[in-house]
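Reviewing the structure listed below.
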Amino acid sequence: MDVMELAKRRGFFWPSFEIYGGAGGFYDYGPLGTLLKWNIIETWRKIFVIEEGFYEIDTPTVNPEEIFIASGHVDHFVEQMVRCKSCGEAYRVEDMLEELRMSVESLTSEETEEKLRNLKCPNCGGDFGKTEEFNTMFRTSIGPAGGKTGYLRPETAQGMFISFRRLSKIARGKLPFGIAQIGRAYRNEISPRQGVIRLREFNMAEVEIFFDPEENSTHPKFKEVENEKIRILPAENQEERKKGEEVEVTLREASERYFLNEFFSYYIWLTKRFLLEIGIPEKALRFRQQLDEERAHYSADTWDAEVKTERFGWVEVAGHAYRTDYDLKRHMEFSGEDLSVFVAFESPREVEKLKVYPRMERLRKKMKGQALGKLIEITKKENEKILRELNEKGELEFDGVRLTREDFEVKKEKERVTGKKVIPHVIEPSYGIDRPIYCILELNYLEEGERIYLRLPPKIAPIKCGVFPLVSKDGLPEVAKEVDSLLRKRGIYTYYDESGSIGRRYARMDEVGTPYCVTVDYQTLEDGTATLRYRDTKEQIRLRIEEIPSFILREMGVLC
RNA sequence: GCGGCCGUAGUCUAGUCUGGCCUAGGACACUGGCCUUCCAAGCCAGUGACCCGGGUUCAAAUCCCGGCGGCCGCACCA
């Protein structure tokens with residue numbers, strides 16, 4: 001028996017499109033898997049949206065092409081492809097060049113084509129044409145034939161950057177603030193394998209925290225957690241990927257020695273909390289710093305949360321990227337919109353500043369009216385730039401006229417500055433949903449002789465409570481059904497079962513991680529009590545029926 | 001994408017090499033009934049499979065070709 005088999009058989013998840021032969025990289029969630037997924041998402045929302053107060057949004061999965069040109073995905077998500085001129089067969093350039101022991105990255109496109117001219121099509125011996133770029137994002141078109149090119153998003157993050165201006169207004173211009181998004185993303189993987197670990201369509205939950213790198217390096221809640229410990233594997237300890245010596249440090253130490261700042265540490269801590277709450281055992285968790293060559297194009301530093309699994313080894317379940325101001329800057333550049341935030345100082349500051357003014361009496365002789373008008377305008381707008389140029393070169397050219405320092409007057413002025421414009425930097429904690437689901441199942445899967453059970457935290461278990469009549473006669477089923485509906489009315493997901501022996505019914509519930517079972521027996525008919533059995537210990541206690549719903553909610557930690 | 005191995009009910013598997021005795025066998029699970037006073041008990045009955053397509057043959061789960069999918073290694077994994 002293994003957990004994948006259990007997942008399929010009991011309806012957690014299975015490969016999609018089975019009756020048509022399937023397609024790699026797609027999985028269905030079954031009834032139990034769907035419940036489990038929502039419970040995980042709810043746990044996540046409780047931490048990030050409710051406790052931390054990050055604003056949750058929901059943006060489209062299909063995006064126009066410009067967005068991914070600006071974000072860098074169109075350039076960085078490509079593979080080169082080449083077609084044979086006579087038979088039309090397509091090949092990956094990388095595979096072709098491998099025979100020459102060359103890598104594409106080290107060559108320009110002209111050089112690549114030059115090399116390919118010496119090779120022949122393995123299929124028909126024909127010549128190769130020009131290289132084409134093959135992007136592994138899912139491409140689609142928006143609107144009817146000839147419409148706009150679009151892509152399915154490879155991360156939910158872009159939606160949060162695109163709407164930054166609006167979101168910043170809603171956050172009333174304050175920094176730092178965080179945006180959260182839960183949703184699907186798509187990557188047309190070359191060869192997805194490893195079941196639910198590597199999907200072409202997957203679920204993720206991401207947060208973008210926007211902050212002012214000059215002001216917000218400390219986090220108000222950091223003090224509460226600074227002595228908590230985490231296990232980390234910094235880049236300096238990795239002679240190669242996935243291997244190396246882990247160190248146990250406090251968040252304070254990590255913050256001083258390894259991480260960008262307290263801010264970053266705090267979010268690493270939240271990740272640990274989240275993963276422990278959904279049932280990842282602490283001993284199977286570590287934070288690993290990505291090596292330079294692994295990092296995404298937008299990241300200056302990335303630490304992954306990794307979970308050690310039996311089947312797949314260390315699995316990355318969350319990443320924490322320091323995206324700097326890369327995304328906002330790029331979107332500013334490509335959209336022409338100002339995505340900076342005005343940060344007011346606590347009190348206005350007096351600043352002495354050098355300002356440059358055109359000397360009108362001299363300039364009137366040098367240039368015509370219209371050009372002079374333009375110069376005045378530009379001097380107002382780009383005062384600093386002109387001053388710098390004059391200082392560095394001693395002159396500047398404007399509208400074909402050479403202007404020297406003598407044409408300008410430089411004055412020292414006091415200026416009242418009330419704040420500054422900041423392009424926020426971004427820390428991105430990004431979580432997979434599908435991968436943790438697998439990890440939770442595998443790491444909580446226990447076999448004790450004949451008995452198989454999933455030791456899921458009650459809060460995330462799909463079914464909370466089994467409800468059984470001890471035997472299916474003498475009016476017991478009727479009472480048990482009443483108990484069942486009592487629980488459901490309180491929002492507790494139950495499973496009513498009266499078939500087979502009582503032991504078999506407990507076993508069925510154990511197998512899918514149901515933490516509690518309530519059994520109605522003959523004593524129930526006399527005094528209105530029923531037994532409540534715990535999954536992990538198999539112990540039973542007796543409770544009055546009407547107390548059961550609140551009791552279970554308290555046990556789950558939902559009620560206090 | 002490359003190379004190796006593989007694909008039989010819900011699950012695990014027998015059968016494949018050596019084509020016919022396969023109307024495809026078993027175990028567990030599941031459904032219905034009987035029984036059953038707390039941990040997969042028992043009895044009876046039942047549902048349910050040769051990945052898809054083509055070929056060879058009198059005859060294909062079995063041999064051949066193609067596709068799809070899976071596992072392992074390489075590559076890829078923003």
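A note on names: the letters A, B, ... follow the listed sequences, proteins ahead of strands, and every chain is numbered from 1.
In this pair, A:Phe210 and A:Phe164 present their aromatic rings tilted. The plane angle is within the 30 to 60° band. Note on ring orientation: taking the six-membered ring where Trp is involved, the planes of A:Phe54 and A:Tyr267 are tilted (angle from 30° to 60°). Ring planes of A:Phe138 and A:Phe26: tilted class, angle from 30 to 60°.
Here, B:rC65 and B:rU18 have their P atoms 15 Å apart, quoted to the whole Å. Between B:rC5 and B:rU16, the distance separating the two C1' atoms is 16 Å to the nearest Å. With P as the reference atom, B:rC2 and B:rG19 are 33 Å apart, rounded to whole Å. B:rU8 and B:rC51 have their P atoms separated by 6 Å, given to the nearest Å. Rounded to whole Å, the separation between the C1' atoms of B:rU23 and B:rC28 comes to 24 Å. Distance noted for atom C1' between B:rA49 and B:rC30: 15 Å (whole Å). A gap of 34 Å separates the C1' atoms of B:rA41 and B:rC22, to the nearest Å. Taking atom P on both B:rC50 and B:rG7, the two are 15 Å apart, rounded to the nearest angstrom.
Rounded to whole Å, the distance from CZ on A:Phe12 to P on B:rU11 is 16 Å. Across the protein-nucleic acid pair, A:Phe138 atom CZ and B:rC77 atom P stand 16 Å apart, rounded to whole Å. Atom CZ in A:Arg198 sits roughly 15 Å away from atom C1' in B:rC71 (whole-Å rounding). Rounded to whole Å, atom P of B:rC77 lies 13 Å from atom CD of A:Glu316. Between A:Leu291 atom CG and B:rC77 atom C1' the separation is 14 Å, expressed in whole Å. Rounded to whole Å, the distance from CZ on A:Phe312 to C1' on B:rC77 is 15 Å. Distance A:Phe13 CZ to B:rG70 C1': 15 Å, rounded to the nearest Å. In this structure, the CD atom of A:Glu448 is 16 Å from the P atom of B:rC39, given to the nearest Å.
Sequence order on RNA chain B of the closest nucleotides to A:Asp510 and A:Gly25 puts A:Asp510 first from the 5' end. Each of A:Arg200 and A:Gln290 lies near RNA chain B, and the nucleotide nearest A:Arg200 is the one positioned closer to the 5' end.
Of all nucleotides present, only B:rC30 satisfies the Watson-Crick or G-U wobble test against B:rG46, with each distance under 3.5 Å. With both pairing distances under 3.5 Å, B:rC68 is matched to B:rG7 as a Watson-Crick or G-U wobble pair. For B:rG25, the paired base is B:rU13 (Watson-Crick or G-U wobble, both distances below 3.5 Å). As the counterpart of B:rG19, no nucleotide is assigned, since no Watson-Crick or G-U wobble pattern has both distances under 3.5 Å. Across every strand in view, B:rA41 sits unpaired, with no contact that passes the Watson-Crick or G-U test at under 3.5 angstrom.
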Distance-only check: which donor-acceptor pairs under 3.5 Å involve side-chain atoms of residues 465-478 of chain A, not counting sequence neighbours?
{"residue": "A:Asp474", "atom": "OD2", "partner": "A:Tyr522", "partner atom": "OH", "Å": "2.2"}

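No donor-acceptor contact under 3.5 angstrom links the side chains of A:Asp536 and A:Tyr453, judged on distance only. Between the side chains of A:Tyr298 and A:Ser71, no donor-acceptor pair of N or O atoms lies under 3.5 Å. Looking at A:Thr529 and A:Arg542, their side chains do bring a donor and an acceptor atom within 3.5 Å of each other. A donor-acceptor contact closer than 3.5 angstrom links the side chains of A:Thr271 and A:Tyr431.
Ion pairing of A:Glu511 with A:Arg9 is present here, as a side-chain N (NZ or NE/NH1/NH2) and a carboxylate O approach within less than 4.0 Å.
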Report summary line: Expected string for nucleotides 26-38 of chain B under the B/S/- scheme (protein heavy atoms, under 4.0 Å, primed atoms plus P, OP1, OP2 as sugar-phosphate) is ---SS-----BBB

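Across all strands shown, A:Pro154 has heavy atoms under 4.0 Å from base atoms, whether or not it also approaches the sugar-phosphate.
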